[in-house]
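Read the structure below first, then the notes.
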Amino acid sequence: MKNVLVTGGAGFIGANFVRYLLRVDPQARIVNLDALTYAGSLENLRGLPDESRHTFVQGDICDAPLVERLLVEHDIDTIVHFAAESHVDRSILGPAPFIQTNVVGAFTLLEAARLAWKGKFEGRRFHHVSTDEVFGSLTPDAPPFNESTPYAPRSPYSASKAASDHLARAYFHTYGLPVTLTNCSNNYGPYQFPEKLIPLMILNALESKPLPVYGDGQQIRDWLYVEDHCEAIDLVLRGGRPGETYNIGGGNQPCNLEIVRQICTLLDELRPEGSPHARLITHVPDRPGHDRRYAMDTHKIEAELGWRPRHNLTSGLRATVEWYLSHPEWVKAIRAQNDYQIWLEKNYTKREEFSE
Ligand code: NAD
Ligand code: TYD
């Protein structure tokens with residue numbers, strides 16, 4: 001791995017991955033292609049471990065000539081594809097950009113790689129980053145998802161990611177493009193845009209705003225600290241077998257209410273003013289089609305590549321709360337530059353749109 005094209009590298013996981021790769025691989029040069037949608041920000045890329053090995057390009061993954069040019073000009077041998085519309089709530093209110101970026105965008109990248117690398121697939125890799133949500137929703141006692149679980153997506157977001165996964169696998173089987181896939185559970189950690197559960201709750205609690213828990217709050221997710229996800233992707237890039245999929249997850253099963261309560265307890269300790277923060281917990285109408293439970297079987301990546309998460313939920317949540325408390329300038333900049341306030345307002349009024 002020498003010249004790496006990272007797509008969506010100004011978003012939450014992409015930016016963490018850029019940092020991770022620059023740190024662990026002194027040879028890697030990164031071209032970071034990101035459209036800087038509401039979810040992406042150059043604030044996420046401040047103070048990189050080595051700026052000289054990072055080139056940022058603002059652009060759309062659906063722009064085929066641009067992608068083809070970047071692959072050739074930078075002699076790209078590895079593509080790590082993160083760029084996506086990633087928020088389920090937004091996909092319910094407006095699915096069109098999800099189909100465009102997640103499906104057409106993935107297709108554009110795969111096709112550009114096939115053409116640029118034609119006849120020279122040796123030593124190349126196209127890694128597609130996906131989600132556990134493609135597998136659908138589990139009942140409380142069902143076994144976790146494994147790599148052979150049939151796809152059953154239930155939101156426009158997960159359906160669009162499922163479509164891109166199918167395309168990635170099709171390019172391996174049809175053209176021999178050296179594709180690997182990872183399906184990962186919910187991530188949390190530094191630089192996560194504060195519309196997602198964990199940062200939203202931290203920042204709302206700090207301002208004594210309501211903490212909106214959807215429905216009964218008993219929905220279960222498997223949570224993974226973002227750096228553990230980055231390490232897993234890096235291992236798959238180096239040792240994963242082309243054509244294979246690897247499930248990644250944190251091996252925990254808290255319900256949403258439990259997560260919110262843990263955040264409140266951490267804030268009671270670290271920012272006691274306004275305690276107890278749990279008084280702010282407010283049940284709001286549920287998300288339509290809300291998946292009840294996700295769980296991941298990660299035996300394959302553990303056995304084949306020796307991956308294991310380094311953080312558990314307790315240490316990861318503490319690190320995350322501490323990061324948000326110690327980066328008020330990042331929070332301020334993100335809120336100022338994006339449609340954050342507009343979204344927050346919508347986030348409350350959309351409850352009515354959901355139930356229409
Ligand atoms: P994010 O929303 O924080 O970041 C997405 C990035 O993609 C942003 O920087 C945005 O500007 C960029 N982008 C969007 N459309 C683009 C386009 N057309 N062209 C170029 N760039 C574009 O998302 P994230 O949470 O960092 O997720 C990254 C990837 O990981 C996604 O593919 C997502 O499906 C997957 N994933 C996320 C999670 C999670 O919990 N966040 C879990 C599993 C998998
Ligand atoms: P989210 O971070 O949107 O991730 P995903 O839907 O992809 O799992 O939400 C995580 C869980 O938290 C999900 O079950 C929905 C729930 N949730 C709330 O209860 N309140 C909120 O304000 C948000 C954003 C999410």
Side-chain angles (χ1 to χ4, degrees), residues 6-17 32-42 44-45 57-63 66-67 80-92 97-98 100-102 104-106 108-109 128-134 137 155 157-158 160-161 164-165 182-189 191-201 204 210-224 226 229 233 248-250 254-257 259-260 281-287 289-294 296 338 343-344 347-348 350-351:
V6 173
T7 71
F12 163 48
I13 306 175
N16 276 284
F17 181 76
N32 183 348
L33 173 62
D34 194 299
L36 295 182
T37 67
Y38 81 92
S41 174
L42 295 178
N44 298 346
L45 296 166
V57 178
Q58 183 171 1
D60 192 327
I61 55 165
C62 301
D63 180 345
L66 169 66
V67 175
V80 190
H81 175 38
F82 293 97
E85 288 291 337
S86 69
H87 192 37
V88 175
D89 289 350
R90 289 186 189 247
S91 84
I92 296 168
F98 288 73
Q100 183 62 22
T101 286
N102 299 3
V104 178
T108 307
L109 288 169
H128 177 66
V129 178
S130 191
T131 165
D132 58 358
E133 304 194 23
V134 297
S137 184
S155 74
Y157 164 66
S158 53
S160 67
K161 290 297 291 186
S164 63
D165 292 12
T182 43
N183 291 85
C184 188
S185 62
N186 285 59
N187 283 214
Y188 66 100
Y191 302 105
Q192 187 165 30
F193 189 72
E195 65 182 354
K196 301 280 169 73
L197 180 76
I198 289 176
L200 180 80
M201 295 298 164
N204 276 15
L211 308 180
V213 170
Y214 297 171
D216 62 6
Q218 296 305 310
Q219 304 84 0
I220 291 171
R221 299 289 182 265
D222 172 318
W223 293 93
L224 183 70
V226 63
H229 187 186
I233 292 171
I248 308 170
C255 69
N256 291 340
L257 203 51
I259 290 279
V260 178
I281 292 175
T282 308
H283 287 267
V284 299
D286 209 351
R287 170 192 280 173
H290 198 169
D291 289 341
R292 199 66 183 164
R293 175 175 168 242
Y294 305 137
M296 290 300 252
N338 289 307
W343 168 253
L344 271 195
N347 198 38
Y348 292 111
K350 81 179 177 209
R351 308 272 130 224

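Remember, it's 1-based here, ligands and their atoms both numbered in the order they're listed.
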Has ligand 1 got any nitrogen or oxygen that is less than 3.5 angstrom from a nitrogen or oxygen of A35? yes
Determine whether the side chain, the backbone, both or neither of P97 has a heavy atom under 4.0 Å from any heavy atom of ligand 1. neither
Quick check: closest heavy atoms across A106 and N102, and the distance to 0.1 Å? CB-O, 3.3 Å
Just which atoms of ligand 2 are under 4.0 Å from any heavy atom in L200? 22 (O)
Give the numbers and elements of all ligand 1 atoms closer than 4.0 Å to a heavy atom of A84. 5 (C), 7 (O), 14 (C), 31 (C), 32 (O)
List the closest protein heavy-atom neighbour of atom 11 (O) of ligand 1: residue, atom name, distance to the nearest 0.1 Å. D34 OD1, 2.6 Å
Hey, which atoms in ligand 1 end up nearer than 4.0 Å to a heavy atom of S185? 42 (C), 43 (C)
Are the side chain of S160 and the backbone N or O of Y157 linked by a donor-acceptor pair below 3.5 Å? yes
Contacts of D132 meeting side chain to side chain donor-acceptor pair (under 3.5 Å) (sequence neighbours excluded), chain-then-number -> none
State, with a plain yes or no, whether a side-chain heavy atom of F82 is found less than 4.5 Å away from one of V6. yes
Could you tell me which atoms of ligand 2, counted from 1 in the order shown, lie closer than 4.0 angstrom to a heavy atom of H87? 3 (O)
Judging by distance only, is a nitrogen or oxygen of F12 under 3.5 angstrom from one on ligand 1? yes
Quick one: are N183 and K161 in side-chain contact, heavy atoms under 4.5 Å? no
Ligand 1 to A10, heavy atom cutoff 4.0 Å, flagged ligand atoms 9 (O)
Number the atoms of ligand 1 from 1 as they appear, then name those within less than 4.0 Å of a heavy atom of L36, with their elements. 11 (O)
May I ask you to check whether Y294 and E133 show a side-chain donor-acceptor distance below 3.5 Å? yes
Going by the atom numbers of ligand 2, which of them fall below 4.0 Å from some non-hydrogen atom of V88? 6 (O), 7 (O)
Show me which atoms of ligand 1 lie under 4.0 Å from any heavy atom of G59. 19 (N), 20 (C)
Give the contacting part of Y294 toward ligand 1: side chain, backbone, both or neither, where contact means a heavy-atom distance below 4.0 Å. neither
Just need the protein heavy atom nearest to atom 4 (O) of ligand 1, so name the residue and atom and give the distance. G11 CA, 3.4 Å
Hey, are the side chains of L197 and N256 touching, using non-hydrogen atoms and a 4.5 Å cut-off? yes
Which of the atoms in ligand 2, numbered in the order shown and given with their element, are less than 4.0 Å from a heavy-atom of V213? 19 (O)
Please list the nearest protein heavy atom to atom 37 (C) of ligand 1 with its residue and the distance rounded to 0.1 Å. I13 CD1, 3.4 Å
In terms of atom number and element, which parts of ligand 1 are under 4.0 angstrom from non-hydrogen atoms of S130? 43 (C), 44 (C)
Tell me, please: is S41 in heavy-atom contact with ligand 1, that is, under 4.0 Å? no
Considering the heavy atoms of E133, write down every atom of ligand 2 situated less than 4.0 Å from one of them. 5 (P), 7 (O), 8 (O)
Is there a side-chain contact between H283 and V213 (heavy atoms, below 4.5 Å)? yes
Heavy-atom distances under 4.0 Å decide this one: backbone, side chain, both or neither, for H81 against ligand 1? neither
Specify the closest pair of heavy atoms between C62 and T101, including all atoms of both residues, with the distance to one decimal. SG-CA, 4.3 Å
Mark the output for G105 as yes if a heavy-atom distance to ligand 1 is under 4.0 Å, and as no if none is. no
Strictly distance-based, threshold 3.5 Å: is any side-chain N or O of T7 a donor or acceptor partner for the main-chain N or O of A83? yes
Ranked by distance from atom 43 (C) of ligand 1, the top protein heavy atom is C184 O, 3.3 Å
Under 4.0 Å to a heavy atom of P212 - the qualifying atoms of ligand 2, by number: 18 (C), 19 (O), 20 (N), 21 (C), 22 (O)
Is it the case that ligand 1 has an N or O less than 3.5 angstrom from some N or O of N186? no
At a 4.0 Å threshold, what atoms of ligand 1 neighbour a non-hydrogen atom of A83? 7 (O), 21 (N), 22 (C)
Applying a strict 4.0 Å limit to heavy atoms, is Y157 in contact with ligand 1? yes
Which of the numbered atoms in ligand 1 are below 4.0 angstrom from a heavy atom of T101? 15 (N), 16 (C), 17 (C), 18 (N)
Below 4.0 angstrom from a heavy atom of H290, which ligand 2 atoms are there? Numbered from 1 as shown, please. 13 (C), 14 (O), 15 (C)
Side chains of L66 and L33 in contact at under 4.5 Å (non-hydrogen atoms): yes
Check whether any side-chain heavy atom of Y188 lies under 4.5 Å from a side-chain heavy atom of V226, and answer yes or no. no
For D60, state whether at least one heavy atom is located under 4.0 Å from any atom of ligand 1. yes
Pick whichever of R221, R287, R293, K196 has a heavy atom sitting closest to atom 9 (O) of ligand 2. R287
If the cut-off is 4.0 Å to any non-hydrogen atom of E195, which atoms of ligand 2 fall inside it? 24 (C)
Counting only heavy atoms, tell me which of N256, V284, I259 gets closest to atom 11 (C) of ligand 2. N256
Please report which non-hydrogen protein atom sits nearest to atom 28 (C) of ligand 1, along with the residue it belongs to and the distance in Å to one decimal place. F82 O, 3.5 Å
Can an N or O of T131 be found at a distance shorter than 3.5 Å from an N or O of ligand 1? no
